[in-house]
Amino acid sequence: MIERLDEVAESAAQLLIDCDRVRVISHQDADGITSGGIICSALYRCGIPFHVSILSRLDEKIIKGLKGPIVFCDMGSGQPELISQIDGKVCVIDHHKPTATDTEYVHVNPHLVGIDGAFEISASGTAYAVAMHLGNNADLAGLAIAGALGDQQEMVGSNKDILEEAIEHGIITIIRGLRIGEGDISKLLECSTDPYLDISGEPEKVKILLDQLDIRGMVEDLNEDELRRLSSVLVLKVLEQGAPTDVTESLIGDRYKLNYEVVSDALHLSNIVNAAGKAGETALALSLCLRDRSVIDKAEQLYLNYQKKVISELKRIEQEIKDAGYIRYAHSSEKDVIGALGSTIIRYVAPDKPILVLIKEGERIKISARGTRELVERGLNLSVAMREGAAQVGGEGGGHSIASGAAIPADAESKFIEIVDDIIMKQLRGENE
Ligand code: C5P
């Protein structure tokens with residue numbers, strides 16, 4: 001199947017290579033920005049000038065006036081009606097489930113060739129497949145893996161293929177260890193949401209724990225004994241909190257050391273790119289992916305600030321989560337963190353039902369919805385629930401089966417919750433037609 005993806009990737013590369021300039025439009029999260037970074041690096045190496053825009057969403061206003069050649073990264077597959085309005089050459093590189101299969105533009109999407117884009121390859125892996133036809137770009141595999149981690153994908157299917165090839169060529173090295181990122185251990189624990197612990201957001205408690213364990217310094221410098229002691233305590237904490245076993249399993253495991261990127265831990269690169277993007281510092285986030293060392297310190301600071309914001313909002317809303325029957329929902333008042341809140345709640349606070357986090361922004365309510373793999377295996381499809389639920393109240397939504405989002409009119413909240421709860425009830429009971 002990867003061969004079939006490769007064929008479409010080759011046509012996308014052919015389209016790009018014939019251009020004298022290209023507009024790149026990419027999504028504002030880690031997977032989107034790493035995908036944009038891969039395509040921009042590949043274009044730069046081909047001597048093709050490019051202009052990049054990093055956006056949180058595509059809509060009619062943005063599309064109006066756009067002219068090809070354009071390449072969309074990590075967006076577009078769910079909006080064929082918008083993309084087909086654009087004159088000139090267009091290429092969509094995305095991993096969201098396509099809502100149209102027969103398009104006039106070049107559409108590189110794993111779902112179209114039988115690969116599950118929600119779990120097995122992200123937009124950055126798909127962009128990497130295109131970049132591999134634009135020249136010798138194997139060193140960009142690190143960004144492909146960082147993007148996949150950003151979308152909480154595992155190294156299975158096509159991700160595994162990319163990873164294994166990258167290891168063989170010395171682009172990535174696997175190190176076993178604690179998967180909490182890179183840098184000062186006390187800062188990492190204080191601002192950690194994965195794992196989200198009773199010491200997250202509590203510098204004093206972190207200090208007491210580390211003093212008890214006699215551990216300090218950078219996580220990458222910890223010796224085997226220190227790592228073992230720290231890991232045991234963290235795993236115990238996560239277990240005591242009642243998180244599912246896959247959470248404890250993912251805490252210690254393979255870390256991906258990126259030998260060509262300016263931030264070497266793949267998970268950490270993904271985290272700081274995401275935080276910079278969410279803070280609106282999209283140029284800085286992209287610069288990281290283009291290997292600009294000068295922005296690392298600022299990106300690290302943005303990451304700490306972002307995590308602190310997520311943790312303090314999480315502590316506030318944790319007590320106010322409502323149960324609608326088949327789903328839970330909570331209201332946030334902090335912009336740009338609802339996705340992170342949903343991801344942390346579903347992993348560490350209440351994993352048994354899908355969670356929707358809502359925020360009112362002007363006349364609209366934005367929603368981030370998150371599920372678990374187990375719920376998806378039982379029939380949950382949040383993408384369908386968000387799209388159909390939003391459409392019924394005059395909004396729009398979409399995404400993946402496990403992580404999705406929507407925007408609805410401000411007065412439609414209770415109706416929307418009721419509709420989505422009903423859709424998800426049918427999905428989980430296997431009653432959907
Ligand atoms: O914003 P959030 O991280 O919750 O988005 C989760 C997924 O849902 C993303 O893949 C995003 O592209 C998609 N989404 C969507 N339509 C929306 C909001 C989010 O398709 N209105």
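Just follow the structure's listing: the first ligand is 1, and inside any ligand the first atom is 1. A quick note: this is a predicted structure, and the numbers were derived from the prediction, not measured.
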Which value, rounded to the nearest 0.5 Å, describes the distance between [X] atom [atom1] and [Y] atom [atom2]?
X	Y	atom1	atom2	answer
Gln241	Leu197	CD	CG	5.5 Å
His331	Leu358	NE2	CG	5.0 Å
Ile327	Ile355	CD1	CD1	8.5 Å

Considering residues, nucleotides and ligands other than Lys89, do more than 12 of their heavy atoms fall under 6.0 Å from its NZ?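 Yes, enclosed.
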Residue selection (non-hydrogen contact nearest atom 20 (O) of ligand 1) among Ser56, Gly398, Ser404: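 Considering heavy atoms of Ser56, Gly398, Ser404, the nearest to atom 20 (O) of ligand 1 sits in Gly398.
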Nearest-option assignment for atom 9 (C) of ligand 1, heavy atoms, candidates Lys278, Lys97, His96, Met386: His96
Counting from 1, what ligand 1 atoms have a heavy atom of Glu396 closer than 4.0 Å?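 Answer for ligand 1: 21 (N).
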What atoms of ligand 1 come closer than 4.0 angstrom to any heavy atom of His400? 10 (O)
Please list, one pair per line, the donor and acceptor atoms closer than 3.5 Å that link side chains of residues 384-392 to other protein atoms, with sequence neighbours excluded.
none

Indicate whether the side chain of Asp31 and that of Ser124 have a donor and an acceptor atom separated by less than 3.5 Å. yes
Gly397 to ligand 1: N or O pair under 3.5 Å? no
Are any of the N/O atoms on Gly405, whether in the backbone or the side chain, positioned under 3.5 angstrom from an N/O atom of ligand 1? yes
Run the ring-centre check on His95 versus His111 and record whether the distance is less than 6.0 Å.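 Aromatic pair excluded; centres sit 6.0 Å or further apart.
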Protein contact of atom 3 (O) of ligand 1 - nearest heavy atom, named by residue and atom, plus distance: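 For atom 3 (O) of ligand 1, the nearest protein heavy atom comes out as Arg370 NH2, 2.9 Å.
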Return the closest protein heavy atom for atom 4 (O) of ligand 1 as residue, atom name and distance. Ser368 OG, 2.5 Å
Classify the contact between Met75 and ligand 1 as side chain, backbone, both or neither, using a heavy-atom distance cut-off of under 4.0 Å.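 Answer for Met75: neither.
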Heavy-atom pairs closer than 4.0 Å: do any link ligand 1 to the side chain of Ala403, the backbone, both, or neither? backbone
